[in-house]
Amino acid sequence: MKKFTKIFLISLLFITILGACTSAKPEDTVTEFLDTIKNTDDGLFDESLKDYWVSDSSNMDTVEELNSDDDAYTELYLQYMQDFDYTILDSTVTDDLAVVSVEFTTYPIAEMFMAWMMQMFTNLFDPTISGLSEEELNQKYIEWFNEVAQNYSKNRVSTADIHLIKIEGDWKFSADDENIDFVDALFGGLLSGFDGDLIEES
């Protein structure tokens with residue numbers, strides 16, 4: 001589905017384009033980055049986050065495209081993805097490499113979306129749904145999501161190592177696969193909770 005493709009792309013962007021601005025310690029970079037997501041109105045789409053990303057025009061174009069797709073679904077999932085707590089447990093620096101261990105407490109995002117999909121699938125067999133316009137159907141999707149979300153709380157606890165590298169004095173998030181666990185923990189198990197076929201456009 002298109003909406004799940006968009007959500008998953010946001011997660012992947014954090015693996016492929018993450019960087020960070022100058023900080024004396026790697027844990028400072030981690031703190032600044034996570035606090036920006038948590039404490040700004042636009043969260044994941046906040047303009048200031050560009051300061052933390054490596055310069056890559058194609059990836060930045062993707063971010064702009066996602067941000068320009070303004071719909072109620074964006075507000076729905078962002079309010080839960082950005083509502084997380086974290087604690088830095090440890091930080092280890094070896095020359096120009098660093099590993100920062102962080103404990104995240106998040107909503108179980110993957111479970112929530114899976115339950116939402118099941119609710120949509122079940123409700124779409126209701127004969128009264130077939131006569132709805134696209135706008136009315138989208139409103140139903142939102143209502144169903146809100147119903148599902150009431151059954152969940154911010155209680156998913158996970159720990160992830162965040163890998164950073166110092167480049168010209170700046171600590172930057174490693175852009176390779178070793179930070180997948182970090183992205184997954186930050187987004188409530190979104191990457192590990194979904195198979196590829198669940199995010200394909202229908």
Side-chain angles (χ1 to χ4, degrees), residues 1-18 30-49 52-53 62-88 102-124 137-160 162 173 179-202:
M1 295 176 63
K2 181 179 180 181
K3 302 304 176 184
F4 293 99
T5 303
K6 178 177 177 180
I7 295 166
F8 198 75
L9 277 173
I10 294 172
S11 299
L12 294 182
L13 284 169
F14 277 77
I15 300 173
T16 58
I17 64 176
L18 276 177
V30 172
T31 298
E32 292 167 6
F33 180 78
L34 294 176
D35 284 351
T36 299
I37 296 175
K38 282 175 56 69
N39 299 326
T40 58
D41 291 337
D42 292 329
L44 294 170
F45 294 132
D46 189 274
E47 289 292 323
S48 67
L49 284 178
Y52 291 82
W53 297 347
T62 305
V63 173
E64 292 299 329
E65 181 179 350
L66 292 172
N67 194 16
S68 66
D69 187 8
D70 185 19
D71 55 47
Y73 292 99
T74 303
E75 182 178 352
L76 275 180
Y77 62 72
L78 284 184
Q79 66 176 310
Y80 291 100
M81 294 175 74
Q82 294 170 183
D83 185 3
F84 62 88
D85 299 316
Y86 72 93
T87 302
I88 294 180
V102 180
E103 180 183 89
F104 291 95
T105 303
T106 67
Y107 281 86
I109 301 298
E111 293 180 23
M112 293 171 65
F113 282 121
M114 185 74 74
W116 183 33
M117 291 178 67
M118 292 300 296
Q119 175 133 334
M120 286 192 290
F121 180 78
T122 301
N123 290 340
L124 286 176
L137 189 57
N138 283 335
Q139 185 58 44
K140 282 292 183 183
Y141 291 157
I142 294 172
E143 292 176 5
W144 296 339
F145 180 88
N146 286 328
E147 291 175 5
V148 167
Q150 293 177 7
N151 298 321
Y152 293 89
S153 58
K154 187 169 60 175
N155 61 2
R156 184 184 191 274
V157 179
S158 57
T159 301
I162 303 177
F173 290 92
N179 271 330
I180 288 180
D181 288 344
F182 156 49
V183 177
D184 189 55
L186 176 61
F187 293 146
L190 186 62
L191 297 179
S192 59
F194 282 102
D195 293 327
D197 57 345
L198 294 179
I199 60 168
E200 292 178 357
E201 295 190 22
S202 61

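Worth knowing before you read on, the calculation uses all heavy atoms, side chains too, and leaves out hydrogens, waters and symmetry mates.
Atom CD of Glu147 sits about 7.0 Å away from atom CD of Glu143, to the nearest 0.5 Å. Tyr107 contributes atom OH, which lies 12.5 Å from atom OH of Tyr152 (distance to the nearest 0.5 angstrom). Within the model, atoms CZ of Phe145 and CZ of Phe113 stand 4.5 Å from one another, a figure rounded to the nearest 0.5 Å. A distance of 4.0 Å separates CZ of Phe182 from CD1 of Ile162, quoted to the nearest 0.5 Å. Annotation: the span from Gln82 atom CD to Thr36 atom OG1 amounts to 11.0 Å, rounded to 0.5 Å. The line from CE of Met112 to CG of Leu190 is 11.5 Å long, rounded to the nearest 0.5 Å.
Under the salt bridge (charged side-chain N to carboxylate O under 4.0 Å, His left out) criterion, Asp83 pairs with Lys154, sequence neighbours left out. With sequence neighbours left out, the side chain to side chain donor-acceptor pair (under 3.5 Å) criterion links Glu103 to no other residue.
Considering Thr87, Leu34, Asp85 in turn, Leu34 is the only one that fulfils the side-chain contact (heavy atoms from CB on, under 4.5 Å) rule with Phe104.
Nearest heavy atoms, Ala185 versus Ala160: CB-CB, 4.0 Å. Ser192 and Arg156 make their closest contact through OG-NH2, 4.4 Å (heavy atoms, listed as atom of the first residue, atom of the second, distance).
Within the 4.5 Å cutoff, side-chain heavy atoms of Val30 are placed close to those of Phe173. Between Phe84 and Phe187 there is no side-chain heavy-atom pair separated by less than 4.5 Å.
Counting only distance, with no hydrogens or angles, the side chain of Trp116 and the backbone of Tyr141 share a donor-acceptor pair below 3.5 Å. A donor-acceptor pair under 3.5 Å is absent between the side-chain atoms of Asp184 and the main chain of Ile180, judged by distance alone.
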